[in-house]
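Written below as structure tokens is the structure these notes are about.
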Amino acid sequence: HLNRYDILPMVAAPINNMGRYYFFHNDYTQAMSHFQTALKINPNYPLTWMNIARTRIQMKDSEGAMETIHKALAKWPDNAQLHGLYCFILLKQGMYGSAIREAWKTLILDSEITDVMRVLGEAYRRKGWHERSVSCWESYAAHYRDDPEGHLALIELYSKIDQKEKLNRAIARVMLLKGSKSWKEMIDEYHSESASHAYVPDKSTLLSIVKKNLTKDF
């Protein structure tokens, strides 16, 4: 016979999945409601804690996200995915040194969590360590070729360190990814989703770099 500890995960899982449905449809209020209900039913599922923290990030509540992750890490101190999300929250709070340390701790726990390379890339960029930043963003862009974030970050970085050939390649890659949108439309759309991005550029700076290297497509 099933006991209550067998049943709770079975009940909570579909509620958590509904929360994910709302999350990916940008209805963060409904997502949060479902995740919190799932957490009350079964507080021993790390993914639900992560989903709540991610939702708080989207709701511009980095303090709430931090509180959630601290509680989760108290329960699962060696969970690499929790540490990966923790370093992203630290980055969002401007704690770049702490974000770097936490990102490397994540990679020690699980070297496959390559998403943290964007945290390292942006934290190094913010600290002015451009060569290190480039290395991390290149690693991220190689793993996530269809994600414009890494390529956009590299456009700015290659411009700073005067890597003209690499700059042109990064611009060409983003041109493929953006499709028929103008550069301004694409960057405006990217910026509107800044809560989920590590690299958050100054829009006018990024546009001017691209414009300097292109004469069309604006």
If only atom types and distance count, is the side chain of Ser111 paired as donor or acceptor with the main-chain N or O of Leu107 below 3.5 Å?
no

Any side-chain to backbone donor/acceptor pair from Ser135 onto Arg132? Under 3.5 Å, distance only.
no

Could you give the distance from CG (Asp61) to OG1 (Thr68), rounded to the nearest 0.5 Å?
8.0 Å

Tell me whether Asn213 contacts the main-chain N or O of Ile209 through its side chain, where contact means a donor paired with an acceptor under 3.5 Å.
yes

Membership question, hydrophobic clusters at under 4.5 Å side-chain separation (ILVMFWY): are Val119 and Leu85 in the same one?
yes

Quick one: does Leu152's side chain get under 4.5 Å of Glu156's, heavy atoms only?
no

Run the side chain to side chain contact (heavy atoms under 4.5 Å, CB included) test on Tyr158 and Glu138 for me, step by step, so that the C-alpha distance in whole Å, both residues' side-chain angles and the decisive distance to 0.1 Å come before the verdict.
CA-CA 11 Å; Tyr158 289 147; Glu138 285 179 340; 2.5 Å; yes

Side chains of Tyr144 and Thr114: do they bring a donor and an acceptor to under 3.5 Å?
yes

Any idea which heavy atoms bring Gly19 and Ala31 closest together, and the distance?
O-CB, 3.4 Å

Residue Met18 excluded, over 12 heavy atoms near CE under 6.0 Å:
yes

Using the ring centroid of each side chain, check whether Tyr28 and Tyr22 are separated by less than 6.0 Å.
no

Do you reckon Met117 sits in the same ILVMFWY cluster as Ile89, going by side-chain contacts under 4.5 Å, direct or chained?
no

Separation between OG1 of Thr37 and CD1 of Ile15, rounded to the nearest 0.5 Å
6.0 Å

If you take all heavy atoms of Ala53 and Ala65, which pair is closest and at what distance?
O-CB, 3.6 Å

Examine Leu109 and Ile113 and state if one hydrophobic cluster contains both, with Ile, Leu, Val, Met, Phe, Trp and Tyr joined whenever side-chain heavy atoms are less than 4.5 Å apart.
no

Over all atoms of both residues, closest heavy-atom pair of Lys92 and Ser194
NZ-O, 2.7 Å

Return the OG1 to CD distance between Thr55 and Gln30, rounded to the nearest 0.5 Å.
12.0 Å

Count the heavy atoms of every other residue, nucleotide or ligand shown that sit under 6.0 Å from CZ of Arg145, and state whether that count exceeds 12.
no

Exceeds 12 heavy-atom contacts within 6.0 angstrom, atom NE2 of His143
no

Indicate the ring-plane relationship of Tyr86 and His70, choosing parallel, tilted or perpendicular according to the 30° and 60° boundaries.
perpendicular

Of all residues at least two apart in sequence or in a different chain, which pass the side-chain hydrogen bond (donor to acceptor under 3.5 Å, both in side chains) check with Glu67?
Lys71

Side chain to side chain contact (heavy atoms under 4.5 Å, CB included) for Ile155 and His151? Distances and angles first, verdict last.
CA-CA 6 Å; Ile155 287 172; His151 306 293; 5.6 Å; no

Is a side-chain donor or acceptor of Trp49 paired with a backbone partner of Pro43 at a separation under 3.5 angstrom?
yes

How far apart are the closest heavy atoms of Ala195 and Lys60, and which atoms are they?
CB-NZ, 4.1 Å

Mind checking the OG-CG spacing from Ser208 to Asp202? Nearest 0.5 Å is all I need.
8.0 Å

Take Asp78 and His83, measure what side chain to side chain contact (heavy atoms under 4.5 Å, CB included) needs, and give me the verdict at the end.
CA-CA 8 Å; Asp78 296 323; His83 282 282; 5.5 Å; no

Thr106 side-chain N/O to Glu102 backbone N/O, donor-acceptor pair under 3.5 Å:
yes

Establish whether Leu214 and Leu177 are linked, either directly or via other cluster members, by ILVMFWY side-chain heavy-atom contacts under 4.5 Å.
no

Can you name the closest pair of heavy atoms from His191 and Pro201 and give their distance?
NE2-O, 3.1 Å

What's the verdict on side chain to side chain contact (heavy atoms under 4.5 Å, CB included) for Lys178 and Glu185, showing C-alpha distance, side-chain angles and the deciding distance?
CA-CA 9 Å; Lys178 74 181 183 62; Glu185 288 170 339; over 6 Å; no

Between the main-chain N or O of His130 and the side-chain N or O of Ser133, is there a donor-acceptor pair closer than 3.5 Å?
no

Do Trp137 and Tyr199 have side chains that get closer than 4.5 Å, going by heavy atoms?
yes

Do Phe88 and Ile57 have side-chain heavy atoms sitting under 4.5 Å apart?
yes

Which heavy atom of Cys87 sits nearest to which heavy atom of Ala103, and what is that distance?
CB-N, 3.7 Å

Would you list the pairs meeting salt bridge (charged side-chain N to carboxylate O under 4.0 Å, His left out) in which at least one residue belongs to residues 110-122, sequence neighbours left out?
Asp115-Arg118, Arg118-Glu149, Glu122-Arg125, Glu122-Arg126

Just checking, any donor-acceptor pair under 3.5 angstrom between side chains of Tyr190 and Asp188?
no

Find the distance between CD1 (Ile100) and CG (Leu120) and round it off to the nearest 0.5 Å.
6.5 Å

Would you call Arg173 and Asp146 a salt bridge, taking side-chain N to carboxylate O under 4.0 Å as the test?
yes

Does Leu154 belong to the same Ile/Leu/Val/Met/Phe/Trp/Tyr cluster as Leu91, with side-chain heavy atoms less than 4.5 Å apart forming each link?
no

Whether Ser33 side chain and Thr29 backbone form a donor-acceptor pair below 3.5 Å:
no

How many angstroms lie between CZ in Phe35 and NZ in Lys40, if you round to the nearest 0.5 Å?
15.0 Å

Counting only heavy atoms from other residues, nucleotides and ligands, does the tally under 6.0 Å from CD of Gln163 exceed 12?
yes

Contacts of Glu193 meeting side-chain hydrogen bond (donor to acceptor under 3.5 Å, both in side chains) (sequence neighbours excluded), chain-then-number -> none

Close side-chain approach of Leu39 to Asn51, heavy-atom, < 4.5 Å
no

Is the Tyr21 ring parallel, tilted or perpendicular to the His25 ring (thresholds 30°, 60°)?
tilted

I want to check something: taking the side chain as every heavy atom from C-beta on, are Phe23 and Met32 in contact at a cut-off of under 4.5 Å?
no

Between the side chains of Glu63 and Arg56, is the shortest nitrogen-to-carboxylate-oxygen separation below 4.0 Å, so that they form an ion pair?
no

Hey, are the side chains of Asp147 and Tyr140 touching, using non-hydrogen atoms and a 4.5 Å cut-off?
yes

Would you tell me whether Arg101 and Ser98 have side-chain atoms, one donor and one acceptor, within less than 3.5 Å of each other?
yes

